[in-house]
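Just so we're on the same page: letters track the sequence lines, and every chain starts at 1. The figures that follow rest on heavy atoms only: side chains count, while hydrogens, waters and symmetry mates do not.
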Number of protein chains: 2
Amino acid sequence: MTHSEENYIKAIFHLGLEGVGVISTNALAERMETKPSSVTDMMRRLSEKGLVNYKKYQGVSLTDLGTKMALSIIRKHRLWEVFLVEKLDFNWDEVHEIAEQLEHIESEKLIDKLDELLNYPKFDPHGDPIPGKNGEFLERDNLLLSQLSIGSTGICVGVKDSSAVFLRFLDKNKIALGNEIKILDKEEFDNSLHILVDQRELHLSQQIANNLYVKKI
Amino acid sequence: MTHSEENYIKAIFHLGLEGVGVISTNALAERMETKPSSVTDMMRRLSEKGLVNYKKYQGVSLTDLGTKMALSIIRKHRLWEVFLVEKLDFNWDEVHEIAEQLEHIESEKLIDKLDELLNYPKFDPHGDPIPGKNGEFLERDNLLLSQLSIGSTGICVGVKDSSAVFLRFLDKNKIALGNEIKILDKEEFDNSLHILVDQRELHLSQQIANNLYVKKI
DNA sequence: ACAAATATTTAGATTTGTCTAAATTTATTA
DNA sequence: TAATAAATTTAGACAAATCTAAATATTTGT
């Protein structure tokens with residue numbers, strides 16, 4: 001597998017998790033920041049290798065083999081992210097780009113050893129679950145902070161948007177994974193929230209609340 | 001820089017250290033396991049980028065910029081090798097191939113942090129010196145075990161051949177970097193050696209002795 | 001259900017890195 | 001030093017991954 005092929009496989013997997021239904025050439029092109037014609041070419045190649053189901057004009061999906069590959073790449077990506085944060089002291093907003101490169105390193109043993117060094121983590125620094133060595137993959141509950149009702153409390157377990165800007169916003173406001181967040185009030189007008197986190201009262205826009213995963217307690 | 005370009009730069013640097021004089025297209029082709037015509041193409045490209053001095057039929061050498069690049073890649077390679085051995089418990093015969101991939105990861109900060117994690121090592125697991133962040137590069141004394149005279153003692157400081165077969169031979173015979181080796185006798189016929197290492201008497205062929213670097217004491 | 005809009009694919013070109021075969025230059029040696 | 005051998009470069013081709021522009025298919029709206 002080339003790096004490019006791996007990146008397409010990963011993108012198809014992520015689109016599959018997000019949206020429902022088939023994945024269109026255009027959607028994939030947008031995700032890959034490339035042109036639809038390039039996607040068509042690549043789909044033909046991946047289809048020949050048995051990694052995707054592709055029929056002209058019918059959209060694309062991963063085969064079992066393709067899904068296995070995707071999980072392997074995502075496992076590598078997320079383990080490397082944990083390594084960067086836990087062992088090399090990177091901030092969670094700096095690790096994505098480096099992990100994008102490291103995820104393509106080929107060595108089963110390397111990943112197993114890394115997993116061991118990190119003590120078999122189940123989640124990456126953004127709260128995303130790390131697929132197991134044999135492809136086990138438990139999706140996290142996708143309850144968003146914006147879905148909690150007034151008065152209830154949740155533990156922050158992940159971010160939906162893991163862009164550096166969003167992560168730095170959370171840092172600035174001292175909101176971290178593991179924090180308890182209580183919904184004090186909700187504005188009817190814009191659905192913004194008044195919350196209590198760590199003894200502090202904060203005001204969060206709906207957009208922020210839409211990008212924080214919580215576990216209700 | 002593409003991976004391929006980096007590999008050529010590295011190969012030119014290593015050939016420069018080994019042999020004397022200019023580096024020929026054929027020598028580089030052999031080292032890169034490719035065809036001379038491919039080398040010619042690549043030399044033109046690297047020359048345009050200012051990384052090598054290249055004139056048709058005149059051989060090639062690195063520019064200052066090319067040398068800086070080579071040292072940076074070698075630094076990354078060797079730091080990753082230390083990481084694999086020290087932190088992930090790999091044997092010294094398993095790390096080269098993985099480091100060949102890792103050396104192409106782009107992130108200055110990553111390498112600085114790795115250097116720090118490993119406590120600023122000066123040598124890799126094979127005893128090769130690790131270039132500094134600013135391009136400092138001290139070549140190791142290149143005294144070979146085969147050059148020691150009878151009765152003298154040296155500390156094993158490196159291997160010239162770092163192929164897995166040779167490294168496993170050393171493991172099998174419990175010869176490791178740091179060991180003291182005393183030359184007990186030398187056979188005139190084949191220049192093989194009788195040595196004392198770690199209280200044990202061993203018999204080494206000249207070929208083995210030609211691939212072990214020592215520091216005389 | 002047909003025309004217009006949208007999505008997708010095809011055709012043909014480009015870049016990188018490679019190859020083989022042919023041409024050319026440099027080195028050797030008789 | 002001239003011919004032969006060896007080394008090197010050129011020419012032309014190919015695969016991967018991309019692009020633009022044109023052609024084709026599908027979807028939508030009236």
Can you find a side-chain donor-acceptor pair between B/Asn26 and B/Ser24 that sits under 3.5 Å?
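There is no such pair (donor and acceptor under 3.5 Å, judged by atom type) between the side chains of B/Asn26 and B/Ser24.
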Can you list every pair that meets salt bridge (Lys or Arg N to Asp or Glu O under 4.0 Å) and has a residue in residues 46-58 of chain A, with sequence neighbours left out?
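Listed once each, the pairs are A/Glu5-A/Lys49.
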Could you note down all residue pairs passing salt bridge (Lys or Arg N to Asp or Glu O under 4.0 Å) where residues 11-28 of chain A supplies at least one of them, sequence neighbours left out?
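Checked against salt bridge (Lys or Arg N to Asp or Glu O under 4.0 Å) - neighbours excluded - the pairs reaching residues 11-28 of chain A are A/Glu18-A/Arg31.
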Would you say a side-chain N or O of [X] is under 4.0 Å from OP1 or OP2 of [N]?
X: A/Tyr8; N: D/dT18; value: yes
X: A/Ser37; N: D/dT18; value: no
X: B/Arg45; N: C/dG17; value: yes
X: A/Thr34; N: D/dA17; value: no
X: B/Thr2; N: C/dT16; value: no
X: A/Thr40; N: C/dT9; value: yes

Residues within residues 47-62 of chain A bordering DNA chain C, heavy-atom distance below 4.0 Å
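Per residue number, the list reads A/Tyr54, A/Lys56, A/Tyr57.
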Close N or O pairs between protein and nucleotides 2-6 of chain C (under 3.5 Å):
none

Show me the donor-acceptor pairs, under 3.5 Å and distance only, between side chains in residues 85-93 of chain A and residues at least two apart or in other chains.
| from | atom 1 | to | atom 2 | distance (Å) |
| --- | --- | --- | --- | --- |
| A/Trp92 | NE1 | A/Asp171 | OD1 | 3.0 |
| A/Trp92 | NE1 | A/Asp171 | OD2 | 3.3 |
| A/Asp93 | OD2 | A/Arg168 | NH1 | 3.0 |

Kindly determine whether B/Tyr8 and B/Phe13 satisfy side chain to side chain contact (heavy atoms under 4.5 Å, CB included), including the steps that lead there.
CA-CA 9 Å; B/Tyr8 272 96; B/Phe13 183 87; over 6 Å; no
Length of the line joining A/Asn7:CG and D/dT18:P, which is rounded to integer Å:
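After rounding, the gap between these two atoms is 9 Å.
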Report the residues that fulfil ring-ring contact (aromatic ring centres under 6.0 Å, His included) with A/Phe83, sequence neighbours left out, ordered by chain and then residue number.
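Counting only residues at least two positions away or on another chain, A/Phe83 forms a ring-ring contact (aromatic ring centres under 6.0 Å, His included) with A/Trp80, B/Phe83.
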For B/Val39 and for A/Ser4, locate the closest nucleotide of DNA chain D by heavy-atom distance; then report the residue assigned to the nucleotide nearer the 5' terminus.
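By nearest-heavy-atom nucleotide position, the 5'-most residue is B/Val39.
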